[in-house]
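If you read the sequence from its start, that first residue is 1, and numbering goes on from there. Since the model is a prediction, treat every value here as computed from it, not as a measurement.
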Amino acid sequence: MQVPHQHDGPAAPGTSPTASPWGPAEGWSPGEPPGPQGGGGVRDDHQGTTGAPHFAGAQSSGPRPPRAGQDEDDAVELISGDQFSVLIRQSTGNANTYGGHHNTALSLNLGGPQPVEFQQILLDARDVQQRHRLYQHAPVPDHQLMADCLKRNHIVVVVGARGGGRDTTARVLLADTCGSNRVAVLYSAGAGLAQALVEQADRHLTRGYGIVLDLGTELPAPAALETLGLRAAQIGAHVVLITESPGAELDALSPYAFRHTGPDLKKVLEAHLEHELDKHRAGHEQGDCPQHSLQAYLRDVLRDPRVDDELGAGLPVREAVSLAGTLATFLHRPPEELGQAFGAWRNRLRTMARALLGLTAQASDPVPDPHQQPLRIAYVMCDSLPLSDFIRVGTLLCDEVQRAETREAAPERRVFDLILDQLVETGAGVAAAPDAGPPGNPRRVRLAEPELMATVIEVVWHGPGWLRAPLLRWLQRLAEDRLERVRSRAAVVAGLLLRHDFDSVYRDLVQLWARSKSARDRQYAALALAVAVGAGDSWLTARIDRQVADWARSPAPQLQDSAARAYGTLVGTRDVPGTLEALEALGSRRTPVRYASVAYATAALFLTPDGAEPVADALGRWVRRPDNEASPLRHAVGTLIVLGPYAVGPELPSRPKLAHQAMQEPEREASLLLLWQHALVDPAYSGLAWALLEQWLLAGDRDEELSLFLEGFVSRAAADELLTRAGFHVARMARRHPASPCVRRVLRAIRGRRP
């Protein structure tokens with residue numbers, strides 16, 4: 001039975017651990033006009049939509065299939081908004097996470113974002129009350145300040161690490177303000193959630209109710225916070241935003257933001273251990289567990305110096321809660337065996353994994369049916385995915401295992417001969433309790449311990465050796481699945497395997513993806529390396545850096561493309577200046593010109609917290625290189641097309657980031673002018689460039705300063721041979737948007753330059 005405790009809440013339903021940053025291989029191809037407006041809808045393999053920072057007037061262009069006769073290898077992929085907004089988070093430092101509690105990917109938006117969709121779940125009042133009771137024993141230091149801010153401003157931002165109890169703090173704050181039966185959680189897989197909630201406040205905020213919204217690693221803009229607080233006050237609702245932005249400066253978010261430093265871990269342990277002991281006593285005769293014996297055991301545990309050693313300074317709150325649960329099971333054991341409780345707690349995941357797979361050493365333990373073993377492996381690997389996905393991929397793993405056992409070419413066997421709930425029992429601590437997360441449609445796999453996924457992978461890889469080959473073949477088949485979330489999970493699992501055995505997993509799986517003619521496979525190779533880098537192992541990171549550098553130097557175009565894709569993930573975003581040098585060298589080669597991966601990787605670097613300035617400098621260098629035929633000029637223009645729709649942020653929602661940079665510095669303006677001049681005449685990009693320019697002009701209708709800038713900028717960009725063409729295109733824009741003052745102003749400026 002799961003006990004409500006201080007940990008972060010469940011992930012947003014429908015989020016996959018990783019979304020493909022580059023989208024399907026069947027993408028846009030240079031030379032084709034933009035797709036129909038509004039065509040960038042969400043496919044059925046994505047759960048929900050995501051948004052991204054954008055400016056008003058952005059329009060969506062749906063992906064287009066390759067032209068007739070075009071090889072998949074030659075297609076240049078430009079992706080939809082929901083894919084690229086997910087990719088950004090991975091590249092900026094979260095590729096080490098996995099499972100349903102973390103969403104790790106970085107994505108670029110081409111042609112405008114998709115709207116953010118929220119799912120709202122009203123929390124069980126009993127769960128909120130239980131958390132409230134336990135929380136009172138160990139409140140966080142700034143609790144009262146947060147409570148005062150929430151009551152006064154109707155909004156508060158809690159900044160802290162996952163697992164530090166910030167979710168419980170948020171629910172307690174709202175319970176005190178609105179009541180335990182009026183607390184809800186908003187879930188979304190998108191980006192720009194604070195601004196999206198501002199826009200959808202009337203739909204998701206209710207008088208007298210409070211909501212918790214997890215922003216992931218995003219830090220909300222001050223303007224968005226102020227506006228959201230005003231809207232919440234008007235409606236009579238209260239909002240708690242939680243984020244894990246590391247090293248964030250909170251002064252700019254004053255007075256709304258507070259750093260969640262975490263409660264006293266020993267008090268947390270005491271509260272939860274006492275709760276567990278009371279539950280134990282309630283299930284037995286009072287004579288068997290008298291109250292004084294429980295109090296004596298609690299006192300002895302708290303006095304044990306090993307408790308202080310285990311808690312330490314950096315232990316997450318949820319781990320202290322887990323330790324309390326383990327200590328409670330030693331209540332009736334001899335005192336000298338108490339030390340075994342700490343070892344059992346440290347090894348609980350490995351013990352759980354071995355028991356789940358039937359690898360325990362004790363003969364008394366029940367051994368599962370051999371055919372259940374691959375199903376249980378697949379179950380854990382499918383954490384957060386719908387059960388329908390698990391049934392399909394579990395069957396595939398069973399097929400691969402049977403092939404290894406019997407050498408049959410096409411095994412035919414029913415693998416689901418038992419009730420799904422009996423496959424992985426909730427009481428065993430593997431599957432989450434039915435009420436441990438939000439209700440879902442479809443029903444999903446949910447683990448009680450999200451970290452179990454990585455442990456099971458390690459146990460399987462270093463356990464029965466004969467399982468290695470079937471596991472790798474299974475991952476290869478998953479990478480060909482029809483659903484993106486399943487294909488991405490295969491890459492995540494491969495990345496976790498790289499952490500334990502880089503050489504063999506790279507040789508037998510990741511290298512095959514990197515050399516594949518399928519752009520989709522090459523993206524999964526890059527994603528697997530990003531997940532491996534997230535382990536923080538210095539040796540492994542150095543090994544991966546060398547491998548990607550080898551790809552970049554290879555004469556094989558597929559490996560060069562794989563290197564560029566890897567540079568657009570955590571592999572490259574750790575060192576933006578160094579990665580820019582590598583991309584410039586890679587882009588100078590003839591081969592990767594036909595791929596959009598260099599442009600996407602450069603855009604990914606731009607969207608990292610400290611990447612905008614160095615990337616802008618690099619684009620200026622690239623566009624001025626004299627050897628245009630062999631230079632990264634094409635990639636610089638592609639980066640302009642990819643980054644064009646991205647705005648400064650909620651404080652300037654109608655101003656493109658690239659235009660804002662040019663408005664601040666003359667050198668940036670000169671570089672951007674050259675980029676636009678090349679983009680508007682390049683046969684591969686001109687169609688998209690004119691469509692992007694139209695978006696910028698429409699954005700100028702909501703930003704007078706931007707409109708004044710564009711009036712002179714566009715007329716200068718349309719000089720000489722572009723003048724007639726620019727007059728034609730802008731005149732068409734004026735006919736489509738007769739009420740746009742910015743378009744009319746720019747048209748007059750262009751016509752004024754004619755001789």
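- Taking the side chain as every heavy atom from C-beta outward, His238 and Leu174 approach each other to under 4.5 Å.
- For the pair Leu527 and Thr569, the minimum side-chain heavy-atom distance is 4.5 Å or more.
- The distance from the CG atom of Asp167 to the CZ atom of Arg131 is 5.0 Å, given to the nearest 0.5 Å.
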Chi angles and distances behind the side chain to side chain contact (heavy atoms under 4.5 Å, CB included) call for Leu698, Cys742: CA-CA 7 Å; Leu698 295 178; Cys742 184; over 6 Å; no

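- Between the CD atom of Glu270 and the NE2 atom of His275 there is a distance of 14.5 Å, given to the nearest 0.5 Å.
- At distances below 3.5 Å, not a single donor-acceptor pair connects side-chain atoms of Thr227 with backbone N or O atoms of Ala224.
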Working for side chain to side chain donor-acceptor pair (under 3.5 Å), residues His143 and Thr169: CA-CA 8 Å; His143 174 81; Thr169 299; 6.0 Å; no

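- At least one side-chain heavy atom of Val140 sits under 4.5 Å from a side-chain heavy atom of Tyr135.
- Between the Arg203 side chain and the Glu199 main chain, no donor and acceptor come within less than 3.5 Å of each other.
- Checked against side-chain contact (heavy atoms from CB on, under 4.5 Å), Gln129 has the following partners two or more places apart in sequence or in another chain: Ala125, Arg133, Ser180.
- Within the model, atoms CD of Glu117 and CG of Leu186 stand 13.0 Å from one another, a figure rounded to the nearest 0.5 Å.
- You'll find the side chain of Pro386 stays beyond 4.5 Å of the side chain of Phe390, heavy atoms only.
- Between Asp124 and Arg126 there is a salt bridge, since a side-chain N of the basic residue sits under 4.0 Å from a carboxylate O of the acidic one.
- Within 6.0 Å of CD on Glu613 lie more than 12 heavy atoms contributed by other residues, nucleotides or ligands.
- The side-chain contact (heavy atoms from CB on, under 4.5 Å) check on Asp610 picks up nothing, with sequence neighbours excluded.
- In this structure, the side chains of His132 and Asp176 come closer than 4.5 Å at one or more pairs of heavy atoms.
- Taking all atoms of both residues into account, the shortest heavy-atom contact from Tyr209 to Cys178 is C-SG, 3.8 Å.
- Side-chain atoms of Arg655 never come within 3.5 Å of backbone atoms of Val648 as a donor-acceptor pair (strictly under, hydrogens ignored).
- With rounding to the nearest 0.5 Å, the separation of CG in Leu150 from OH in Tyr256 is 12.5 Å.
- Between the OH atom of Tyr600 and the CG atom of Leu643 there is a distance of 10.0 Å, given to the nearest 0.5 Å.
- The salt bridge (Lys or Arg N to Asp or Glu O under 4.0 Å) search around Arg231 returns Asp202, not counting sequence neighbours.
- We find the NE2-CG distance between His660 and Leu672 to be 13.0 Å, quoted to the nearest 0.5 Å.
- Counting heavy atoms from C-beta outward, Leu241 and Val158 have side chains that stay 4.5 Å or more apart.
- The main-chain N or O of Lys266 is found under 3.5 Å from a side-chain atom of Asp264 such that the two form a donor-acceptor pair.
- Not one N or O on the side chain of Gln661 forms a donor-acceptor pair closer than 3.5 Å with the backbone of Lys657.
- Looking only at atom types and distance, the side chain of Glu276 has no donor-acceptor partner in the side chain of His272 under 3.5 Å away.
- Pairing each heavy atom of Val240 with each of Ala170, the nearest pair is CG1-CB, 3.5 Å.
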Asp148 and Arg152: CA distance, side-chain angles, deciding distance, salt bridge (charged side-chain N to carboxylate O under 4.0 Å, His left out) verdict: CA-CA 6 Å; Asp148 293 341; Arg152 181 174 59 254; 5.7 Å; no

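- At a threshold of 4.5 Å between non-hydrogen side-chain atoms, the residues Leu145 and Phe258 count as touching.
- Under the 4.5 Å side-chain criterion, counting only non-hydrogen atoms from C-beta, Gln136 is in contact with Val172.
- Formation of a donor-acceptor pair under 3.5 Å by the Glu218 side chain with backbone atoms of Gly192 is found in this model.
- Under the 4.0 Å criterion applied to side-chain N and carboxylate O atoms, Arg489 and Glu484 are not assigned as salt-bridge partners.
- For the pair Asp389 and Arg485, the salt-bridge criterion is met [side-chain N within less than 4.0 Å of a carboxylate O].
- Residues meeting the salt bridge (Lys or Arg N to Asp or Glu O under 4.0 Å) test with Glu226, sequence neighbours left out: none.
- Considering only residues two or more places apart in sequence or on other chains, Pro741 meets the side-chain contact (heavy atoms from CB on, under 4.5 Å) condition with Asp701, Arg744.
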Working for side chain to side chain contact (heavy atoms under 4.5 Å, CB included), residues Thr243 and Thr217: CA-CA 6 Å; Thr243 178; Thr217 59; 5.6 Å; no

Asp127/Arg171 under salt bridge (charged side-chain N to carboxylate O under 4.0 Å, His left out): CA gap, chis, key distance, verdict: CA-CA 10 Å; Asp127 175 79; Arg171 299 185 185 195; 3.5 Å; yes

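- Nearest heavy-atom pair across Leu706 and Ser654 is CD2-O, 3.4 Å.
- Closest approach of Leu193 and Asp214 over heavy atoms only: CD1-O, 3.5 Å.
- Shown here for Phe118 and Ser188, the closest heavy-atom pair between the two residues is CD2-CB, 3.6 Å.
- Scanning all heavy atoms of the two residues, the minimum distance from Ile242 to Val212 falls at CD1-CG1, 4.3 Å.
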Steps toward side chain to side chain contact (heavy atoms under 4.5 Å, CB included) verdict (Ile211, Val185): CA-CA 5 Å; Ile211 62 168; Val185 176; over 6 Å; no

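- Glu694 and His737 share a donor-acceptor pair across their side chains, judged by distance under 3.5 Å alone.
- Side-chain contact of Arg745 with Ser707: a donor-acceptor pair under 3.5 Å is present, judged by distance alone.
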Worked check of side chain to side chain contact (heavy atoms under 4.5 Å, CB included) between Leu658 and Phe606: CA-CA 10 Å; Leu658 293 175; Phe606 182 92; 3.9 Å; yes

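- Scanning for salt bridge (Lys or Arg N to Asp or Glu O under 4.0 Å) contacts around Lys151 gives an empty result, with sequence neighbours left out.
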Check against side chain to side chain donor-acceptor pair (under 3.5 Å), His260 and Asp142: CA-CA 8 Å; His260 192 275; Asp142 290 338; over 6 Å; no

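- For the pair His154 (side chain) and Ala237 (backbone), a donor-acceptor distance under 3.5 Å is present.
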